[in-house]
Amino acid sequence: MKNINKTDQKELLDKFYNGETSLDEEKLLETGDDQLSPEKDLFRFFESERKVAPPSFPLEKLEGRHSFLFVAKIAASLALLVLFGYMLFNYFSKDAEPVRWVEVKTETDQKIINLSDGSIVTLNKNGSLKYQEGFADRLVYLEGEAFFDVKRDEARPFKVLTGKATTEVLGTSFYLRWLSGSAKVELEVSEGKVAFSSHDRSLNERVFVVAGERAVYDEQSNTIRRFESFDPNLIAWKTKQLQFEDAPLKKLLEDAEGYFGVEFAFGETTISNCRFSGTFDDPTLEQLLDALKYVFNITHEMQNSKVILKGSGC
């Protein structure tokens, strides 16, 4: 390659400093006249520095391959930002997924429901039990009547919402009854301790009911009444047993109506205050009527779906 004079070498050096030299021109600078040693030394210094840390050029001087690489880097950065934003959106949008519900309904038969936490619910006929899939929150909605045998978990209370009342326990067994449209919610505790409260914040009251007690929430008066008594016939549909101890005949027939699903009426009101003590195990309607005939000499007749009781008195 030919040598270049001092003037040409200075022009090439100016082009080199501005990043405008070609590879052939840089080789020409490298092999230039040794008499131009100051310029060559200066060139070699800058050349060595460029190999260690390539110079950064202003944006307006980026052309060809340099411009393409710069744009590619920006595009890759934007793609990463979009991907990261998408991942964040998916993570936080999980909470917005629709809640899946499980609903168990009964019509003419009872049903035993085994919940994932180990609790067991016996749902009476014409009832409904609803809860979230997975049952992580231990919350159920009840319509009708059911008996709850709750697995104890002190870290996660078990809650039942019935009408406008809430029943909350850690682990116990109890009975609840609320019929759609009814103003009353009935609670009876078989074991342990239960917290009973209203959804109405104006009633700042939480009643604790223990085993052998019952409570009634009245929506119309917005009150909770607790009774230190236990009526075993409220769960006769589950135990298959009717128990009476010196009970007036009127009370006996009210319990029998719920158990057999028939309506009773008195032909003579004088027999309504007759009192009865006894236990019926898995009785039929005929067995009950035979017992009343034997004890009180009461007869009966059927009028449509109603049972009419007749007698002269106790």
Cluster link L170 to V210, ILVMFWY, side chain under 4.5 Å: no
Residues K250, D255: salt bridge by 4.0 Å N-O rule: no
Intermediate values then yes/no, side chain to side chain contact (heavy atoms under 4.5 Å, CB included), N222 and S198: CA-CA 8 Å; N222 195 29; S198 167; 3.4 Å; yes
Check ion pair E186-K184 (N to O, under 4.0 angstrom): no
L253 CG to L309 CG distance, which is reported to the nearest 0.5 Å: 5.5 Å
Distance under 6.0 Å and angle within 45° of ring axis: R214 vs F227: yes
Hydrophobic cluster identity match, L234 and F264, side-chain contacts under 4.5 Å: no
Joint hydrophobic cluster, W237 plus F148, side-chain heavy atoms closer than 4.5 Å: no
ILVMFWY network linking F260 to L179, side-chain heavy atoms under 4.5 angstrom: no
Residues K293, D290: salt bridge by 4.0 Å N-O rule: no
More than 12 heavy atoms of other groups within 6.0 Å of E301 CD: yes
Flag, side chain of D218 to backbone of Q220, donor-acceptor distance under 3.5 Å: yes
Over all atoms of both residues, closest heavy-atom pair of K306 and A265: CD-CB, 3.8 Å
Charged tip of K193 within 45° of F208 ring normal and under 6.0 Å: yes
Closest contact, heavy atoms only, F230 versus V189: CE1-O, 3.3 Å
Backbone N/O of E133 and side chain of R100: donor-acceptor pair under 3.5 Å: no
Minimum heavy-atom distance between H199 and G163, given as atom pair plus value: CE1-O, 3.5 Å
Atom pair CD (Q243) and CG (D281), whose distance is rounded to the nearest 0.5 Å: 8.5 Å
Reported OG1-to-CZ distance for the pair T223 and R225, which is rounded to 0.5 angstrom: 6.5 Å
Test salt bridge (Lys or Arg N to Asp or Glu O under 4.0 Å) applied to K105 and E107, step by step: CA-CA 7 Å; K105 291 185 175 182; E107 294 181 356; over 6 Å; no
SB check K151 D117 (cutoff 4.0 Å): no
K240, NZ atom: more than 12 neighbouring heavy atoms under 6.0 Å: yes
Min side-chain heavy-atom separation F196-R206 under 4.5 Å: no
Donor-acceptor pair, side chain of R138 and main chain of R156, under 3.5 angstrom: yes
Nearest non-hydrogen partners of F158 and V140, listed with the distance: CE2-CG2, 4.2 Å
Criterion salt bridge (Lys or Arg N to Asp or Glu O under 4.0 Å) on E213 and R226, from CA distance to verdict: CA-CA 7 Å; E213 296 182 344; R226 184 173 62 88; 2.9 Å; yes
Pair F147 + Y175: ring centers closer than 6.0 Å: no
Distance, nearest 0.5 Å, that separates CG of L249 from CG of L292: 6.0 Å
Partners meeting ring-ring contact (aromatic ring centres under 6.0 Å, His included) with F244 (sequence neighbours left out): none
Minimal non-hydrogen separation, S116 against G134, with atom names: OG-O, 3.4 Å
Spacing of I271 atom CD1 and F296 atom CZ [to the nearest 0.5 Å]: 9.0 Å
Derivation of the side chain to side chain contact (heavy atoms under 4.5 Å, CB included) call for V216 and L187: CA-CA 6 Å; V216 177; L187 164 71; over 6 Å; no
Heavy-atom check, side chain of L242 versus side chain of P283, under 4.5 Å: yes
In one Ile/Leu/Val/Met/Phe/Trp/Tyr side-chain cluster, 4.5 Å: Y294, L288: yes
Main-chain N/O of V307 paired to H300 side chain as donor or acceptor, under 3.5 Å: no
E188 side chain vs D231 backbone, donor-acceptor pair below 3.5 Å: yes
Intermediate values then yes/no, side chain to side chain contact (heavy atoms under 4.5 Å, CB included), K164 and Y217: CA-CA 9 Å; K164 293 189 177 180; Y217 168 71; 4.2 Å; yes
Non-hydrogen atoms of A236 and Y259 that approach each other most closely: O-CE1, 3.4 Å
Side chain to side chain contact (heavy atoms under 4.5 Å, CB included) assessment of K111 paired with V104: CA-CA 9 Å; K111 185 171 289 187; V104 181; 3.4 Å; yes
Over 12 foreign heavy atoms within 6.0 Å of NZ, K159: no
Distance, nearest 0.5 Å, that separates CG of L142 from CZ of R177: 11.0 Å
Could you list the donor-acceptor pairs under 3.5 angstrom formed between side-chain atoms of residues 120-131 and any protein atom two or more places apart in sequence or on another chain?
from, atom 1, to, atom 2, distance (Å)
N124, ND2, E145, OE2, 2.6
S128, OG, E103, OE2, 3.0

Contact check, side chains of D137 and Q132, non-hydrogen atoms, under 4.5 Å: yes
Side chain T239, main chain I235, donor-acceptor under 3.5 Å: yes
